[in-house]
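I have placed the structure first, in the form of structure tokens, so that the comments after it can refer back to it.
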Number of protein chains: 2
Amino acid sequence: MNNFDKKIESFYGLCRQKRLKITPQRIEVYKALMSSDEHPSAETVYKKVKKNLPNVSLDTVNRTLNTLSLIGAAFVVEGSGDVKRFDGNLENHQHFKCVKCKKIFDFQHNAFENIKAPEELGHKFKVLRATVYIEGLCQSCLEKENKIQTN
Amino acid sequence: MNNFDKKIESFYGLCRQKRLKITPQRIEVYKALMSSDEHPSAETVYKKVKKNLPNVSLDTVNRTLNTLSLIGAAFVVEGSGDVKRFDGNLENHQHFKCVKCKKIFDFQHNAFENIKAPEELGHKFKVLRATVYIEGLCQSCLEKENKIQTN
DNA sequence: TTGACAAATAGGTCTAATTACTATATAGTC
DNA sequence: GACTATATAGTAATTAGACCTATTTGTCAA
């Protein structure tokens, strides 16, 4: 069984554990999210799912993505700011976001892996994920940066 | 001169440096943001500003908040996901966000202060801020957590 | 101080993303 | 296989935020 199948397998388990029905739509949405290394928007996931399930509704995709984030099977990318973007890649990686063009860049950095939430937080809350989030200006925006466009 | 005035002062400087005009609207938006310890939405800031400038437009507030984030005088709170939320508190603090109720909790943790962006990132990008971002379920949502509401 | 010019604002309009609603279909369980 | 709660499709309704343009306002230099 390959890695991808394992993920699906454990997704099944997660659904059962949370008493969520395993529907074709849910599975397809999950697969679509897992198999995209970007940070797809609901719209993008929708298009992907539509290939296998031609008449899913966008609403279902939206609700499902939302559900996935509730059970910790996906995440809303921090700092979206524009349209919601989802991330199915739960392996440890960090995000850099350009405040100007809003693009999100993944990066890895050993020192940031396995960040542990502070004790007192863990007592009160259930932590699903801890990452480092860096904001700034990306290369191409830096180049045109001398002038700030406000209107 | 108190701390607040100092901030305003340095905001003036920042605007001049970036060749942005110092308009009453901009100042009021900045003040409104600075003086709220929440993470206000544009709407909230708008209401605050309206008290002093009764006929500002929401659009101006939106544009201005956007401008502030471009020059690093404010930040869009990571992981907004719902409506955009802004943060004028530039002192080092971290955010915990509940994936269910979307509330954002500030917290401080010494180990997370002064996180340094990795070298290779600093070369390519201009880093404005680096924080730790934790996602999970907050206390009150945990209590009702046995059942996940998906519809 | 004043005048010229570029930049910013108000206020209206518009758009696209997300959510809400409801009848129907389906997964899970006995 | 039938029952029941949950999920879905399709459509309609919201709403945050962006766009547009005439007017106003800072800024800077004479």
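Here is the naming used below: chain letters follow the sequence lines, and residue numbers restart at 1 for every chain.
The side chain of B:Lys102 contributes no N or O atom lying less than 4.0 Å from OP1 or OP2 of C:dT18. Distances shown here put a side-chain N or O of A:Gln25 below 4.0 Å from the OP1 or OP2 atom of D:dA9. For A:Thr60 and D:dT8, the shortest distance from a side-chain N or O to OP1 or OP2 is not below 4.0 Å. For the OP1/OP2 pair of C:dT9 and a distance below 4.0 Å, the side-chain nitrogens and oxygens of B:Arg63 include at least one atom meeting the criterion.
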| request: Please test B:Lys48 against B:Ser35 for side chain to side chain donor-acceptor pair (under 3.5 Å), starting from the C-alpha separation and ending with a verdict. | output: CA-CA 10 Å; B:Lys48 261 191 155 178; B:Ser35 64; 3.3 Å; yes
| request: Please step through ring pair (Phe, Tyr, Trp, His ring centres under 6.0 Å) for the pair B:Phe75 and B:Phe86, ending with a clear verdict. | output: CA-CA 6 Å; B:Phe75 289 95; B:Phe86 296 87; over 10 Å; no
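Put simply, CG on A:Leu65 and OG1 on A:Thr60 are 10.5 Å apart, with the number rounded to the nearest 0.5 Å. B:Leu121 CG to A:Gln94 CD: the interatomic distance, rounded to the nearest 0.5 Å, is 10.5 Å. Taken from OG1 in B:Thr131 to CZ in B:Phe112, the straight-line distance is 10.5 Å, to the nearest 0.5 Å. Here the straight-line distance linking atom CG of A:Leu128 with atom NZ of A:Lys126 works out to 6.0 Å at 0.5 Å rounding.
At the heavy-atom level, B:Asn55 lies under 4.0 Å from the strands shown only through sugar-phosphate atoms. Within 4.0 Å (heavy atoms only), A:Thr150 reaches sugar-phosphate atoms of the nucleic acid but no base atom.
Nucleotide C:dA16 holds its P atom 16 Å from the OH atom of A:Tyr46, rounded to whole Å. Computed from coordinates, the A:Asn62 CG to D:dT8 P distance equals 12 Å when rounded to whole Å. One atom, CZ of A:Arg26, and another, P of D:dA9, lie 11 Å apart when rounded to the nearest Å. Distance, B:Glu43 CD to D:dT14 C1': 14 Å, rounded to whole Å. Between B:Glu28 atom CD and C:dA10 atom P there is a gap of 12 Å when expressed in whole angstrom units. What separates CG of A:Asn66 from P of D:dT8 is a distance of 12 Å, to the nearest Å. A:Leu65 places its CG atom 15 Å from the C1' atom of D:dT8, with the value rounded to the nearest Å. Between A:Ile71 atom CD1 and D:dT6 atom C1' the separation is 15 Å, expressed in whole Å.
Nearest nucleotide to the side chain of A:Lys84, out of C:dT18, C:dA27, D:dG17: C:dT18. With distances taken from any side-chain atom of A:Thr64 to the nucleotides C:dC21, D:dT8, D:dC19, the minimum falls on D:dT8.
Two rings, from B:His93 and B:His109, have their centers 6.0 Å or more apart.
In the model, A:Thr23 has no side-chain atom that pairs as donor or acceptor with a side-chain atom of A:Arg26 under 3.5 Å.
Comparing the axis of the opening five pairs of the helix from C:dT1-D:dA30 to C:dC30-D:dG1 with that of the closing five pairs yields an angle of 60°, rounded to 10°.
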Report all interatomic pairs (protein N or O, nucleotide N or O of nucleotides 27-30 of chain D) with separations under 3.5 Å.
{"unit_1": "D:dT27", "atom_1": "OP1", "unit_2": "B:Ile22", "atom_2": "N", "d": "2.8"}

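Counting only distance, with no hydrogens or angles, the side chain of A:Arg85 and the backbone of A:His39 share a donor-acceptor pair below 3.5 Å.
Using cut-offs of 30° and 60° on the angle between ring planes, the pair A:Tyr30 and A:Phe11 is parallel.
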